[in-house]
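All of these numbers come straight from a predicted model, not from anything done at the bench. A, B, ... follow the sequence lines: proteins, then strands. Residue 1 opens every chain.
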There are 2 protein chains.
Amino acid sequence: MASILNLDKLDLSIVQQLMHDANVSYAEIGKKLFVSAGTVHVRIKKMQEAGIISGMNYRVDLKKLGYDVIAFIGIYLEKSSLYDVVAKDLKKIPEIVRMNYTTGNYSIFAEIVCKDIVQLRYVLHDELQKIKGIERTETFISLEESLNRSVKVAAS
Amino acid sequence: MASILNLDKLDLSIVQQLMHDANVSYAEIGKKLFVSAGTVHVRIKKMQEAGIISGMNYRVDLKKLGYDVIAFIGIYLEKSSLYDVVAKDLKKIPEIVRMNYTTGNYSIFAEIVCKDIVQLRYVLHDELQKIKGIERTETFISLEESLNRSVKVAAS
DNA sequence: ATTGAAAGAGTCTCAGT
DNA sequence: ACTGAGACTCTTTCAAT
């Protein structure tokens, strides 16, 4: 699974730029890194073909779209071997946006985005409790997101 | 904080498209939604000015860049009033990519991205334990990320 | 508010080094 | 492997409706 492709400093610096802002032009990136726009293009294409970079997403302010509640859910399973079947059911709930199979207290760690507390309560109580294999859940409602960034892979 | 701007179905459908793939052209989006590329442009501009949409990020495969370990950290504070000062210190650690102030057991819920377990151990033991105000932490290492998507804001 | 066309900017290709 | 120029595509502006 490790990187087969040898990435040099230039590659990493380009990824760093793109992670921070995907809107900067190849010419601008090149100017900062003292290479031509063509070279930047070749490197990006290479990394896209290797699956290192895969596409772009807009940053969306969910609160402004009316999604005011972000919460994290720690899920205890009856048996951890039930992971696959429970995960499959959880994926059907559109409010659940992320799921990780984790070590520690919880078997599954999920993130959920809801319009309001009423909707959160509905998903937790009516949808989650129906899923077979879930023993119990613990919910952590985010009161404030004070950081959301990408890991630093190279000097910016 | 709620959306002052009245967003209609067209706006939401456009956001939905862009959240899924920021690379589709305005013409393509328009074709799907039966409007011109110009209209798509106007709507996107309006939403950018309103801060609903703010910029683009490339999706990056962190594992292929050598970052194999994603973990979640539940942090207990000595007093929850220490949140601001602890948060400030945590932000200085580049491996920490996300932080939420939460209800429930933990005061702070953080996400961390490391190259390997050695680096994770270093951050947890040497860096985190040095921060004043942290009582103790619980770590959940992700063994598998089985879902990572955006919330559905409109019919796709 | 939406459209269609023209102008501007960026990406992509390729021959040359 | 990098460069620079030309071809191409997309974004952006704008006059008309």
Quick one, A:Val153 and A:Val151 - any side-chain contact, counting heavy atoms below 4.5 Å?
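When only atoms from C-beta onward are counted, A:Val151 and A:Val153 do touch, with a gap below 4.5 Å.
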Taking the side chain as every heavy atom from C-beta outward, state whether B:Ile75 and B:Met99 have any atom pair closer than 4.5 Å.
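No; the side chains remain at least 4.5 Å from each other.
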Which residues share a salt bridge (charged side-chain N to carboxylate O under 4.0 Å, His left out) with B:Lys130, sequence neighbours left out:
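Testing B:Lys130 for salt bridge (charged side-chain N to carboxylate O under 4.0 Å, His left out), a comparison that skips the adjacent residues, returns none.
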Mind jotting down which residue pairs meet the ring-ring contact (aromatic ring centres under 6.0 Å, His included) criterion with at least one end in residues 16-40 of chain A? Sequence neighbours excluded, please.
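Checked against ring-ring contact (aromatic ring centres under 6.0 Å, His included) - neighbours excluded - the pairs reaching residues 16-40 of chain A are A:Tyr26-A:His41.
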Show me the pairs that pass ring-ring contact (aromatic ring centres under 6.0 Å, His included) and involve residues 48-73 of chain B, at least two apart or across chains.
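Those involving residues 48-73 of chain B are A:Phe109-B:Phe72.
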Rounded distance in Å - [atom1] ([X]) to [atom2] ([N]):
X       : N      : atom1 : atom2 : answer
B:Lys46 : D:dT13 : NZ    : P     : 17 Å
B:Met56 : D:dT11 : CE    : P     : 9 Å
A:Glu49 : C:dT13 : CD    : C1'   : 14 Å

Does A:Lys45 put a side-chain nitrogen or oxygen below 4.0 Å from OP1 or OP2 of C:dT13?
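Yes, A:Lys45 has a side-chain N/O under 4.0 Å of OP1/OP2 on C:dT13.
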Distance check: side-chain N/O of B:His41 vs OP1/OP2 of D:dT11, anything under 4.0 Å?
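Indeed not, no polar side-chain atom of B:His41 lies that close.
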Can you give the donor-acceptor pairs under 3.5 Å from side chains of residues 81-90 of chain A to other protein atoms, not counting sequence neighbours?
from: A:Tyr83; atom 1: OH; to: B:Ser146; atom 2: OG; distance (Å): 2.3
from: A:Asp89; atom 1: OD1; to: A:Lys92; atom 2: NZ; distance (Å): 3.3

A:Asn105: what forms a side-chain hydrogen bond (donor to acceptor under 3.5 Å, both in side chains) with it, not counting sequence neighbours?
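With sequence neighbours excluded, A:Asn105 shows a side-chain hydrogen bond (donor to acceptor under 3.5 Å, both in side chains) to B:Glu138, given in chain and number order.
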What residue pairs, at least two apart or across chains, pass salt bridge (Lys or Arg N to Asp or Glu O under 4.0 Å) with a residue in [range]?
range                       : value
residues 16-28 of chain A   : none
residues 115-126 of chain A : none
residues 141-155 of chain B : A:Arg98-B:Glu145

Return the angle between end axes of the helix from C:dA1-D:dT17 to C:dT17-D:dA1, with five pairs used per end and rounding to 10°.
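End axes: 10° apart.
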Contacts to DNA chain D from residues 13-31 of chain B, heavy-atom cutoff under 4.0 Å, which residues?
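Listed by number, they are B:Ser25, B:Tyr26.
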Pick out the pairs of N or O atoms, protein on one side and nucleotides 2-4 of chain C on the other, that lie under 3.5 Å.
from: C:dT2; atom 1: OP1; to: B:Arg43; atom 2: NH2; distance (Å): 2.8
from: C:dT2; atom 1: OP2; to: B:Arg43; atom 2: NE; distance (Å): 3.0
from: C:dT2; atom 1: OP2; to: B:Arg43; atom 2: NH2; distance (Å): 3.3
from: C:dT3; atom 1: OP2; to: B:Ser36; atom 2: N; distance (Å): 2.8
from: C:dT3; atom 1: OP2; to: B:Ser36; atom 2: OG; distance (Å): 3.0
from: C:dT3; atom 1: OP2; to: B:Thr39; atom 2: OG1; distance (Å): 2.6

Partners passing ring pair (Phe, Tyr, Trp, His ring centres under 6.0 Å) against A:Tyr76 (at least two apart in sequence or in another chain)
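Only A:Tyr106 meet the ring pair (Phe, Tyr, Trp, His ring centres under 6.0 Å) criterion with A:Tyr76.
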